[in-house]
Amino acid sequence: MKQSVSVAGSSAAILVFLLGTVLFSPQAQAVVGDVTLTGLPPNTIVSLTDEKTGQKEEGRTDDRGVVVIPLGRRNWERGSYTVTARNPSLFPGTPSRRIQLSDGPNRVDMSGLVPFVGGVVPRLGHAVGVSVDSKFFDQRGFETASPGFSLKVHPAIPFLQETFTLSPYVKFSVIPDIQGDKDDRFDHKGIFQNVVDGGHMFSLMGGLAHESDLEKWRISPRRARIYGGLYAEAGFVHYNLNMRRLEQPKAPFIEARNFDTDDTGFRVGFGGSIRAQWASGLTLGLRGGPNAEFTDILNGGRKWRWRGNTSLFLGYVF
């Protein structure tokens, strides 16, 4: 009888112990699961440090800039963690950022941790691009579209990385041969008529651009990263037009008022872009939006004139 009581007591003790282990073991508590970090340069060593305990885990990003750090068995609690990136061949130093992790799996966009050049992951910090532009004019005398070229440079000086990452840029554009609309004849007080017969335009602009990796919306091909962006810019534009005098006046015509063929004015613009970025540093995309120019060119004196432009651009990060 005593032996039965002893066995029953031992069994009860074991059951209480096992129950206590299940209830109070750290394994039963909610913990941070696997952490997926996106928006980083490819082939970059990424460290994740628990700020409470100092424990650290590392991983390396793939060619899409994504790394998965498995934490399922580490029993790390939710809270503040520090992410640090290291890749001397792509960027200097070891930029870091504090993030908050919750229980279970986590996915965090780290875009902006490493200085981005207009959203381009820098190789040595800077990016250049060349674009073929089409300009659309709102005033008579010009044809609707004129081909041109732009050179755009992004220095690696991003800021506001914790809120809305912005990257400055400088852009020089030129239209070497402006085409005029031969049906738009300007009449100069009945003395003669002329039409735009070529000319050139160039501009120097400075601006700020923001870009986001569209992978968060699962918009990304296998071998490239897709970026969508916004930009705002301001600067100066110069026009120099050639005019051809008509031998015989014709109707209909435009009465010339405060007519000028050479002027430098102020320009502001904004718009959006979308582009693909390959691991090699090559980038290809579209960019465009409206511009407003305060110029004294052709007819009507100095005033605000609207333009529009679209650009097909090819760039490289080096």
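Both backbone and side-chain heavy atoms feed into the values below; hydrogens, waters and symmetry mates do not. Everything numeric here is computed off the predicted structure, so don't read it as measured data.
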Cation-pi between R245 and F192: NZ/CZ under 6.0 Å from ring centre and within 45° of the ring axis? yes
With clusters defined by side-chain heavy atoms of hydrophobic residues (ILVMFWY) lying less than 4.5 Å apart, directly or transitively, does Y239 cluster with F236? no
Carefully, step by step, assess D50 and V32 under the rule side chain to side chain contact (heavy atoms under 4.5 Å, CB included). CA-CA 11 Å; D50 185 341; V32 175; over 6 Å; no
Applying side chain to side chain contact (heavy atoms under 4.5 Å, CB included) to R267 and S203, what does each step give before you reach the verdict? CA-CA 9 Å; R267 172 191 283 180; S203 64; 3.5 Å; yes
Would you give the length of the straight line joining atom CG of N291 to atom CD of E233, rounded to the nearest 0.5 angstrom? 6.0 Å
Would you call the rings of W304 and F266 parallel, tilted or perpendicular, where under 30° means parallel and over 60° means perpendicular? perpendicular
Sort out for me which residue in T295, L298, D296, L241 forms a side chain to side chain contact (heavy atoms under 4.5 Å, CB included) with D260. D296
Interatomic distance, CG@L40 vs CG@N87, rounded to 0.5 Å, equals 10.5 Å
NE2 of H210 to OG of S273, rounded to nearest 0.5 Å, is 10.0 Å
Indicate whether any N or O donor in one side chain lies under 3.5 Å from an N or O acceptor in the other, for R275 and T283. yes
Taking only Lys NZ, Arg NE, NH1 and NH2, and the carboxylate oxygens of Asp or Glu, determine whether D263 and R302 approach each other closer than 4.0 Å. yes
Take the angle between the ring planes of F259 and H188 and call it parallel below 30°, perpendicular above 60°, tilted in between. perpendicular
Find the distance between CE (M110) and OG1 (T38) and round it off to the nearest 0.5 Å. 9.0 Å
State, yes or no, whether a side-chain contact exists between K152 and S173 at a heavy-atom distance under 4.5 Å. no
From the list E57, K56, Q55, side chain to side chain contact (heavy atoms under 4.5 Å, CB included) with T49 holds only for K56
Measuring from D197:CG to L246:CG, what's the distance to the nearest 0.5 Å? 10.0 Å
Separation between CE (M205) and NZ (K171), nearest 0.5 Å, reads 6.5 Å
